[in-house]
Amino acid sequence: MSDEGRLSDFLDWSRDRGIRFDGVEIRSAGEGAGNGVFALGCERANKNLIELPAGELLTAGRVADMGRYRRLIEEKSFHPNPFEMLVLFFYLEREEEGSEWTPYLRMLPSSFDTPVAQGLGLREEDLPLSVRRFWQQQREELESIRGRLPSLLSTPIDDNRLLWAWHVVNTRCIFVENAPHPLIDSSTVDDTIAVIPFVDMLNHSPEASCVAELDKRNGKYVVRLNKAIPEGAELHVCYGPHDNGRLWVEYGFRLEENPFTKVLMPTDLLLALAKKAGISIDIHHQNAVEEAALSSTLYTSDEGPSWAFRTNVRVLNMEHREIGKWRDIVYSEGKRRHRKRAVEEGEELSSDEEEPRMDEKTRERLIKESKTIERILGELMKAVEGRTKQVASIAQFLWKEQCELIERARKRVIEEIEELEEPENQTENQ
Ligand SMILES: C[S@@+](CC[C@H](N)C(=O)[O-])C[C@H]1O[C@@H](n2cnc3c(N)ncnc32)[C@H](O)[C@@H]1O
């Protein structure tokens, strides 16, 4: 069957199911991106471009209510979790002669570009920290499903078909809160997923023009524009604040410019880097930073070291005799941060909230902190550069992005030090 024939069948099928999609079309979204949804004309903000009856959402409960699947799981006393139920659906339904879902199933990709689909034997340590936990969870889920589904089936499981079904659910499900269903086990995994035909043709962008949500009052699922768009624009939703590691592992693609790039620096790493940078840290510093539990993660959007990172460093820089007061520091830094934000947002401050003028002692402390941050970032850079050379070449792009972000953060802190050291700033406000 030709691509046009498949698409035309799918559009008829969608209309028959009450899916409304006036003013949009599905077509190729370009190299490697599969299909996407495009506006035919220019559109104003807030318009609903896609609507479907809430009953059309493909949830685990809905599958469990279909005669064939109900019988199967009841006969085997199998209590699937939501994810397993949906994977089983795609696994079996694809091969079902005359399935009512065929026009939709024919639109689904036949292959995927994730590391799992590509059979890349990635090791956990090939991935940056930001995605490692997700990668582990994903592998555990896949292994669990490989272990559990065969007991339901009368023929040996076909691993390629299972991987296909698993990818369909992974790459296309959307967060929806489902009512509990007696046949679905949500004791360990919440029942918060659905695959939504047509809506699942939307690609991802961090600057998405659309939001997809359940309109409970009207019993509809809608895709609404959140900004005006020009004629022919591709419509996007945001899959989440995912960095490229997560996009690659979960969906099999990456973005050229990803505003959600981040470098995780958990407390144990921060402490190890600080020690390498020659900062003298004792058990009290260590306990204080661990108890404060502030995240030193670097984000692309940071204008300079985050408040949390700076506060951690301030605690690490405390003299032995003052370390007992670390909570006062964390608290007063919190107040200072509130004042700064209020000033930026143009709020009037009461006289006791006003920012005190920076005295010489404060300026010296800030310079010392910024220099410590710069040294810690220098050590982080060395560590990440070292890792970049050791990891599987296919994953190196993720480590290079981490290096770029660290370098940018370092440049910003160097600028900050220069500003603080400029004589005219010495009595200025912070
Ligand atoms: C929910 S589906 C979207 C529809 C899909 N393009 C299709 O042809 O069926 C998610 C998949 O679309 C692709 N995708 C989504 N957003 C993308 C983007 N910004 N760039 C490249 N591929 C993207 C990825 O393959 C991802 O696994």
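- The number of heavy atoms from other shown groups lying within 6.0 Å of CD (Glu140) is above 12.
- A salt bridge links Glu291 with Arg327; the closest basic N to acidic carboxylate O contact falls under 4.0 Å.
- At a threshold of 4.5 Å between non-hydrogen side-chain atoms, the residues Leu108 and Phe90 count as touching.
- Under the 4.0 Å criterion applied to side-chain N and carboxylate O atoms, Arg6 and Asp3 are assigned as salt-bridge partners.
- For the pair Arg68 and Glu96, the salt-bridge criterion is met [side-chain N within less than 4.0 Å of a carboxylate O].
- For Lys382 and Glu385, the salt-bridge test fails: no basic side-chain N is under 4.0 Å from an acidic carboxylate O.
- Looking only at side-chain heavy atoms (C-beta outward), Arg139 and Glu124 stay at 4.5 Å or farther from each other.
- No cation-pi contact links Arg314 to Trp307, judged by a cut-off of 6.0 Å to the six-membered ring centre and 45° from its axis.
- Here the side chains of Glu416 and Glu369 are not in contact, with every heavy-atom distance at 4.5 Å or above.
- Within the structure, ring-ring contact (aromatic ring centres under 6.0 Å, His included) contacts touching residues 27-48 (residues at least two apart or in different chains) do not occur.
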Could you go step by step and tell me if Arg146 and Leu142 meet the side chain to side chain contact (heavy atoms under 4.5 Å, CB included) rule?
-> CA-CA 6 Å; Arg146 274 185 173 134; Leu142 180 58; 3.7 Å; yes
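- In this structure, the side chain of Asn258 engages the main chain of His242 through a donor-acceptor pair within 3.5 Å.
- Separating the CZ atom in Phe112 from the CH2 atom in Trp164 is a distance of 7.0 Å, to the nearest 0.5 Å.
- Listed by chain and residue number, Ala277, Ile279 satisfy the side-chain contact (heavy atoms from CB on, under 4.5 Å) test with Arg375 (two or more places apart in sequence, or in another chain).
- For the residue pair Glu93 / Ser99, a side-chain donor-acceptor distance below 3.5 Å is found, with atom types taken as modelled.
- Here the side chains of Arg62 and Phe89 are not in contact, with every heavy-atom distance at 4.5 Å or above.
- Contact check for Leu380 versus Leu298: side-chain heavy atoms found under the 4.5 Å cut-off.
- By the 4.0 Å N-to-carboxylate-O rule, Arg246 lies close enough to Glu250 to be salt-bridged with it.
- Residue Asp22 holds its CG atom at 9.5 Å from CG of Leu40, rounded to the nearest 0.5 Å.
- Between the CZ atom in Phe10 and the CD1 atom in Ile19 there is a gap of 6.0 Å [rounded to 0.5 Å].
- In summary, the side chains of Tyr251 and Asn203 do not present any donor paired with an acceptor at a separation below 3.5 Å, with no hydrogens or angles considered.
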Check step by step if salt bridge (Lys or Arg N to Asp or Glu O under 4.0 Å) holds for Arg106 and Asp9.
-> CA-CA 9 Å; Arg106 282 208 199 111; Asp9 275 5; 3.7 Å; yes
Can Glu177 and Lys216 be said to form a salt bridge (Lys or Arg N to Asp or Glu O under 4.0 Å), step by step?
-> CA-CA 11 Å; Glu177 268 174 63; Lys216 281 195 189 149; 5.9 Å; no
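- Taking CG of Leu86 as the start and CZ of Arg172 as the end, the distance is 13.0 Å to the nearest 0.5 Å.
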Take Thr59 and Asn178 through the side-chain hydrogen bond (donor to acceptor under 3.5 Å, both in side chains) test and state the conclusion after the steps.
-> CA-CA 8 Å; Thr59 62; Asn178 297 311; 4.8 Å; no
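- Ring pair Trp166/Phe83 is perpendicular by interplanar angle, where above 60° counts as perpendicular and below 30° as parallel.
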Run the salt bridge (Lys or Arg N to Asp or Glu O under 4.0 Å) check on Glu379 and Lys276 step by step: do they pass?
-> CA-CA 7 Å; Glu379 290 301 328; Lys276 276 206 154 175; 5.1 Å; no
